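Down below is the structure, laid out as structure tokens.
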Amino acid sequence: MELGLRGRIAFVTGAAAGIGAAIANSLATEGCIVWIADRNGEEAERTAASFRTKGLNARAVLVDVTCAAALTEAVKSVVEQDLRLDILVCNAGILSTGLFQRSSSAEWERVIAVNLHGVANSIRAVLDTMIAQGHGRIVNIASISATRGGGSIGNVLYGTSKAGVVALTMGLARELGPSGITVNAIAPAVADTPMTHSSLTAESVDRIVSRIPLRRLATAADIADAVTFLASDRASFISGAVIPVDGGLLTT
Ligand SMILES: NC(=O)c1ccc[n+]([C@@H]2O[C@H](COP(=O)([O-])OP(=O)(O)OC[C@H]3O[C@@H](n4cnc5c(N)ncnc54)[C@H](O)[C@@H]3O)[C@@H](O)[C@H]2O)c1
């Protein structure tokens with residue numbers, strides 16, 4: 001299937017590592033010019049350089065998604081260089097674990113700032129450009145914890161922040177559709193990434209895998225494939241969708 005992504009300009013947040021790096025790799029492999037936007041500038045540079053050695057078109061940009069002004073500047077510089085911005089993937093996110101009873105308001109502010117404001121800030125930064133083009137693809141990385149109030153690894157705060165991402169996805173699909181912009185989300189369950197391994201023991205991974213009908217964790221590439229499809233011309237009539245990529249976990 002020809003995805004029609006050759007020459008598209010893509011901006012992927014949190015793309016220095018994990019799922020974001022796999023998304024950037026997949027989009028670049030399909031011919032996109034990919035901007036790897038991350039608060040870890042050194043790792044973003046390393047990831048972009050490793051893609052370039054494979055002949056892919058990738059550049060790094062240092063950005064913290066909690067800072068709206070930094071995002072506006074970063075997007076301005078992308079558009080000055082590449083003259084457009086076709087695809088935004090809002091992937092940057094952080095995990096929160098533990099009981100609500102022990103969570104502080106500072107922890108709520110920290111997680112909501114990245115997982116929810118970070119998505120809104122990223123979308124706001126690209127909107128003028130996408131509206132002027134009359135074309136855009138926005139894909140947000142939510143989580144199945146949005147529909148379960150937390151879950152396998154994230155707590156109720158994490159689930160709440162991702163539920164906000166789902167609401168943002170559906171509302172913006174309605175608002176931006178007339179401008180030729182689609183807005184969708186992918187909802188992973190548990191993926192094999194640094195985020196997961198920083199919070200789970202091998203024993204808890206085994207327990208989770210035993211509940212997943214397909215009996216394995218997602219790979220970052222599983223998530224990236226779904227994002228790449230939603231970012232492509234083949235998904236031009238899909239908007240406001242929240243697609244689980246969870247090995248069937250939501251059915252259990
Ligand atoms: N790993 C999972 O099982 C899983 C499941 C469901 C959803 N998700 C979501 O997928 C996304 C990626 O997760 P991952 O497992 O690859 O995480 P990860 O921790 O492995 O990588 C996250 C990347 O985002 C960057 N980042 C974090 N905060 C940032 C900020 N404020 N500004 C810019 N960059 C920032 C980090 O530097 C890192 O490069 C997140 O939104 C996460 O909530 C992950």
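None of these values were measured; they are calculated from a predicted model. Atoms within each ligand, like the ligands themselves, are counted from 1 in listed order.
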Look at atom 31 (N) of ligand 1 and find which of D64, V89, D246 reaches it with the closest heavy atom.
D64
Of M195, R110, E43, which has the heavy atom at the shortest distance from atom 19 (O) of ligand 1?
M195
Counting non-hydrogen protein atoms only, what is the nearest one to [atom]? Give residue, atom name and distance.
{"atom": "atom 23 (C) of ligand 1", "value": "G14 O, 3.4 Å"}
{"atom": "atom 26 (N) of ligand 1", "value": "R39 NE, 4.0 Å"}
{"atom": "atom 32 (N) of ligand 1", "value": "V65 N, 3.0 Å"}
{"atom": "atom 44 (C) of ligand 1", "value": "I19 CD1, 3.7 Å"}
{"atom": "atom 14 (P) of ligand 1", "value": "T193 OG1, 3.7 Å"}
{"atom": "atom 37 (O) of ligand 1", "value": "D38 OD1, 2.6 Å"}
{"atom": "atom 41 (O) of ligand 1", "value": "N91 O, 2.7 Å"}
{"atom": "atom 43 (O) of ligand 1", "value": "Y158 OH, 2.5 Å"}

Below 4.0 angstrom, N of the basic side chain to O of the carboxylate: do D86 and R84 qualify?
yes
Salt bridge R59-D82, side-chain N to carboxylate O under 4.0 Å
yes
Any nitrogen or oxygen of [X], main chain or side chain, under 3.5 Å from a nitrogen or oxygen of ligand 1?
{"X": "T196", "answer": "yes"}
{"X": "S143", "answer": "no"}
{"X": "T66", "answer": "no"}
{"X": "A191", "answer": "yes"}
{"X": "P188", "answer": "no"}

Applying a heavy-atom cut-off of 4.0 Å, say which part of [X] lies close to ligand 1: side chain, backbone, both or neither.
{"X": "A142", "result": "backbone"}
{"X": "A189", "result": "backbone"}
{"X": "K162", "result": "side chain"}
{"X": "L217", "result": "neither"}

Side-chain heavy atoms of [X] within contact of [Y], under 4.5 Å:
{"X": "L88", "Y": "N140", "answer": "no"}
{"X": "L127", "Y": "I181", "answer": "yes"}
{"X": "F51", "Y": "I36", "answer": "yes"}

Residue [X] vicinity, atoms of ligand 1 by number, heavy atom under 4.0 Å:
{"X": "P194", "result": "20 (O)"}
{"X": "A17", "result": "39 (O)"}
{"X": "V63", "result": "32 (N), 33 (C)"}
{"X": "I141", "result": "9 (C), 10 (O), 11 (C)"}

Identify whether [X] and [Y] are in the same connected component of the hydrophobic contact network (ILVMFWY, side-chain heavy atoms under 4.5 Å).
{"X": "M170", "Y": "L176", "answer": "no"}
{"X": "V165", "Y": "I186", "answer": "no"}
{"X": "V156", "Y": "L95", "answer": "no"}

If you measure only the distance, is there a donor-acceptor pair under 3.5 Å linking the side chains of T29 and S26?
no
Can you tell me if [atom1] on [X] sees more than 12 non-hydrogen neighbours from other groups inside 6.0 Å?
{"X": "R174", "atom1": "CZ", "answer": "no"}
{"X": "Q81", "atom1": "CD", "answer": "yes"}
{"X": "R6", "atom1": "CZ", "answer": "no"}

To the nearest 0.5 Å, tell me how far S232 OG sits from E30 CD.
8.5 Å
Show me, pair by pair, the donor-acceptor contacts under 3.5 angstrom made by side chains of residues 236-252, not counting sequence neighbours?
from, atom 1, to, atom 2, distance (Å)
S236, OG, D233, O, 3.4
S239, OG, V183, N, 3.0
D246, OD1, G248, N, 2.9
D246, OD2, L249, N, 3.4
D246, OD2, L250, N, 2.9
T251, OG1, G248, O, 2.5
T252, OG1, L249, O, 2.7

